[in-house]
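One-based numbering, in listed order, for ligands and for the atoms of each.
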Amino acid sequence: MKKIAVLFLVVALVAAFFALDLNQLLTLEGLKNSMGRFESLRTESPVTVALVFFAGYVAVTTLSLPGAAILTLAAGALFGLLGGTLLVSFASSIGATLAFLASRYLLRDAVQARFGQRLKAINEGMAKDGPMYLLTLRLVPLFPFFLVNLLMGLTPIKTFSYYWISQLGMLAGTLVYVNAGTELAKITSLSGILSPGLLLSFVLLGIFPLLAKGFMRWLQSRRVYAKWQRPAKFDRNLVVIGGGAAGLVTSYIAAAVKAKVTLVEAHKMGGDCLNYGCVPSKALIKSSRIAHKMRHGDHYGLSAVTPAFNFRKVMARVHAVIATVAPHDSVARYTELGVEVLQGYARIVDPWTVEVTLNDAQHGARVQRLTTRSIVITAGARPFVPPLPGLDDVGYVTSDTVWDAFAKLDAPPERLVVLGGGPIGCELAQSFARLGSKVIQIEMAPRIMSREDVEVSELARQSLTRDGVDVLTGHKALRCEKVGERKFIVVEHQGQERRIEFDALLCAVGRVARLQGYGLEELGIPTQRTVAVNDYLETLYPNIFAAGDVAGPYQFTHTAGHMAWYAAVNALFGDFKKFKVDYSVVPWATFIDPEVARVGLNEQEAKEKNIAYEVTKYGMDDLDRAIADGTAHGFVKVLTVPGKDRILGVTIVGEHAADLLAEFVLAMKHGLGLNKILDTIHTYPTLAEANKYAAGEWKRAHAPQKVLAWLKRFHAWKRG
Ligand SMILES: Cc1cc2nc3c(=O)[nH]c(=O)nc-3n(C[C@H](O)[C@H](O)[C@H](O)COP(=O)(O)OP(=O)(O)OC[C@H]3O[C@@H](n4cnc5c(N)ncnc54)[C@H](O)[C@@H]3O)c2cc1C
């Protein structure tokens, strides 16, 4: 209501300005004709005239009315160069700031709500370099004054910064116009005031801040390298540290474009994903799902049976799966692809030199020095182990050690504590519960999988609970205790302590980037939980890059691979063209049963970011194939821009949700809306039809009711 009142006031004032023909006064002719009158008024009461002039100038600029240039000339004619410049400089800056505030008040929320996601990059750019852009816009008088105020009001720039940068930036132009005004009689047209030469000078002045910024960057990078001796020649184009998903893709790309690349891996090729992460966990999940299906065979008209199995064989299968996938990531394969692979520990000794302590069984530790134009750090992450008193005494496994440790057991641990309610904790808790462990999952937060919407967390909790997991949310682990051979974890919930006895404890409370011991400290490369990189994945040293878990912000194999492309291309071709890493459409999934998959925004994030959205939901219980498969649970939930079919984000809960999501990932990446999904033939009967039906739900909710009412009449008329 207040906004409407302000808008009404602005419109009324602008209308009055034109109705009273004041625009006629603010022309060169009008000014010249009235100058005599203004002169005598100013001689009679100079202060009053100056104040009225000031207020008028503020009003004209605030309301974005035409005539500010004429008023500036008038300032020169009436108050001289110094007085005129002072008056105009303050009045124009105040007016500009008021116009900026009006735009912000009236339009910003609506624009941000509607286009918030698209404006993200602009907002981030403005937060970083906004003052610089504004100064450029102000220095070059070619950019319309009112447009700058209007557009800047929509950005997050601070009001005070806006004021003083505007005043500084407009000063040169003000001086030129006020000076011209001191000789008003000689001016025949406004266009003559800024000669082409002067205009060019302003443009040069305007781009000066940008040039200066580039120069400062160059100077800074020179300073960063100053204390190091750059080799005259390099042995290699690229050295990649770490042979996980990010390192493998980086070196693959480098070899494919014929660069000389060395990949150094200290431990196992394939890194986390192959050896301790995605691959073993998904292999275990499969066995546990089969066990679950056997237990619930009666849902399919079969006999329900308690699966009889040897746990060693289950774990042996996990290792067999790793071994089957391993050749994809092997030294042999990458050597064949043209990558030199060194098995050893890498340490960066200067920005162009990497020292590798080779794992050389024959010769013991042997050190090799490599010089390289660029380095890509892909050292990954490791499980975080909280400093819980007594934890070392009771012993624990992490995602790194569980695969080998449990492979020696004949049966899964009878009582297993899983510490952590994130995706890894949930996947493993459910798997071991289905394989027969009594699992107690401990999570400090009020819900598990807290990045997802509340209803998703709730479904996950129900599903885990159904499988026998005791999900303890809001429980804080305090300490572990060992009494003889018995092991306990003490947790606190609502002020009460509880002791839980267990046989094995799996710690899954998150993973932290590997940041120590390979040269980051010595080179002074900044880290904040991860290696600090810019949009091009450059570290402090523009020839040293980082990608994958070590750099974040996501910790997935596919994001590691995605970042690797940018790191490799920028490292090898950055002198010609650099690419900013694009995180606009990032999917992920948690492979519990039912699976949870997401791309883009969920409701929780949309609210946090103040982005307007509409929700369309389709329940899997309606889907023929899901009913036939006995998996009719979960949903497809799509967030769209209000009134439009543009997808902001999708969450799918259900059987094969991670696979179903691919269609939405493609749609979002290529700007296809729900109408396009609805237009596409989906095979019957498939789970993928759920995507089409979700689009159909959206269409139904946006059916043109008025047109349909007319159609009803038309058909009635046709029936006679
Ligand atoms: C249980 C579990 C399940 C997971 N499930 C999934 C999933 O389903 N989907 C998914 O997308 N992601 C999953 N992840 C995450 C995924 O495994 C990681 O995001 C991915 O492996 C990161 O790859 P990376 O190349 O950045 O690092 P890593 O794979 O950790 O590779 C880093 C490599 O660098 C080496 N290294 C470190 N320092 C040096 C040095 N100084 N010299 C030489 N070598 C060095 C290490 O030995 C390591 O091999 C899972 C993770 C876990 C733990």
Which option out of E265, R382, M269 puts a heavy atom nearest to atom 47 (O) of ligand 1?
-> E265
Taking only heavy atoms of C273 into account, list the atoms of ligand 1 that are under 4.0 Å away from them.
-> 17 (O), 21 (O)
So, D629 and R625, do they make that salt bridge, N to O below 4.0 Å?
-> yes
Could you tell me whether D235 and R369 have a side-chain N and a carboxylate O separated by less than 4.0 Å?
-> no
Structural part of R347 in contact with ligand 1, heavy atom criterion under 4.0 angstrom | neither
Give yes or no for whether the N/O distance cutoff of 3.5 Å, strictly under, is met between I241 and ligand 1.
-> no
Identity and distance of the protein heavy atom lying nearest atom 42 (N) of ligand 1 | A346 N, 2.9 Å
Between W352 and Y225, is the gap from one ring center to the other below 6.0 Å?
-> yes
Who's the nearest protein heavy-atom neighbour of atom 14 (N) of ligand 1, and how far?
-> C278 SG, 3.8 Å
Residue K268 vicinity, atoms of ligand 1 by number, heavy atom under 4.0 Å = 49 (O)
Look at the rings of Y252 and Y334 and say which category their plane angle falls in: under 30° parallel, 30 to 60° tilted, over 60° perpendicular.
-> perpendicular
Can a salt bridge be assigned to the pair D393 and K487 using a cut-off of 4.0 Å between side-chain N and carboxylate O?
-> no
Close-contact set for ligand 1 against S399 heavy atoms, below 4.0 Å = 1 (C), 53 (C)
Tell me: protein heavy atom nearest atom 16 (C) of ligand 1, and distance?
-> T557 OG1, 3.4 Å
Which ligand 1 atoms does Y276 reach within 4.0 Å, using its non-hydrogen atoms?
-> 1 (C)
Are there more than 12 heavy atoms of other residues, nucleotides or ligands under 6.0 Å from atom NZ of K286?
-> no
Would you call the rings of W588 and F556 parallel, tilted or perpendicular if under 30° counts as parallel and over 60° as perpendicular?
-> parallel
Any N or O on A245 sitting closer than 3.5 Å to an N or O of ligand 1?
-> yes
Starting from atom 25 (O) of ligand 1, find the nearest protein heavy-atom neighbour and note its residue, name and distance.
-> A246 N, 2.9 Å
Using 4.0 Å as the upper bound for N to carboxylate O, is an ion pair formed by R511 and D549?
-> yes
R447 with E458: basic N within carboxylate O range, under 4.0 Å = no
For P383 and ligand 1, answer yes if some heavy atom of the residue is under 4.0 Å from a ligand atom, otherwise no.
-> no
For atom 34 (O) of ligand 1, find the nearest protein heavy atom and state the residue, atom name and distance (0.1 Å precision).
-> G242 CA, 3.1 Å
Hey, is ligand 1 close enough to F591 that some N/O pair sits below 3.5 Å?
-> no
Do me a favour and list the nearest non-hydrogen protein atom to atom 38 (N) of ligand 1 with residue, atom name and distance?
-> A379 CB, 3.5 Å
N or O pair under 3.5 Å between I424 and ligand 1 = no
Find all atoms of ligand 1 within a distance of less than 4.0 Å from any non-hydrogen atom belonging to T378, and give their numbers and elements.
-> 32 (C), 33 (C), 34 (O)
Might you point out which heavy atoms bring A460 and M449 nearest each other, and give the distance in Å?
-> CB-SD, 3.9 Å
Counting only heavy atoms not in M444, do more than 12 sit closer than 6.0 Å to its CE atom?
-> no
Just which atoms of ligand 1 are under 4.0 Å from any heavy atom in G244?
-> 25 (O), 29 (O), 31 (O), 33 (C)
Aromatic ring centroids of H296 and H292 under 6.0 Å?
-> yes
Any chance the side chains of E340 and T262 put a donor and an acceptor closer than 3.5 Å?
-> yes
Please confirm whether Y536 and Y566 have ring centers closer than 6.0 angstrom.
-> no
Considering only the protein, which heavy-atom contact is closest to atom 2 (C) of ligand 1, and what is its distance?
-> G277 CA, 3.3 Å
Min N/O separation G247 to ligand 1 under 3.5 Å | no
Which residue supplies the protein heavy atom nearest to atom 44 (N) of ligand 1, what is that atom called, and how far is it?
-> A266 N, 3.1 Å
Does F556 reach ligand 1 with a nitrogen or oxygen that is under 3.5 Å from one of the ligand's nitrogen or oxygen atoms?
-> yes
Could you tell me whether D549 and ligand 1 have an N or O pair separated by under 3.5 Å?
-> yes
Could you name the option among R514, K282, E427 that has the heavy atom nearest to atom 7 (C) of ligand 1?
-> K282
Do other residues, nucleotides or ligands put more than 12 heavy atoms under 6.0 Å from R373 CZ?
-> no
Any atoms of ligand 1 less than 4.0 Å from a non-hydrogen atom of G548? List them with their elements.
-> 26 (O)
Atoms of ligand 1 less than 4.0 Å from Y518 heavy atoms?
-> 41 (N)
Does D593 pair with R434 as a salt bridge, N-O distance under 4.0 Å?
-> yes
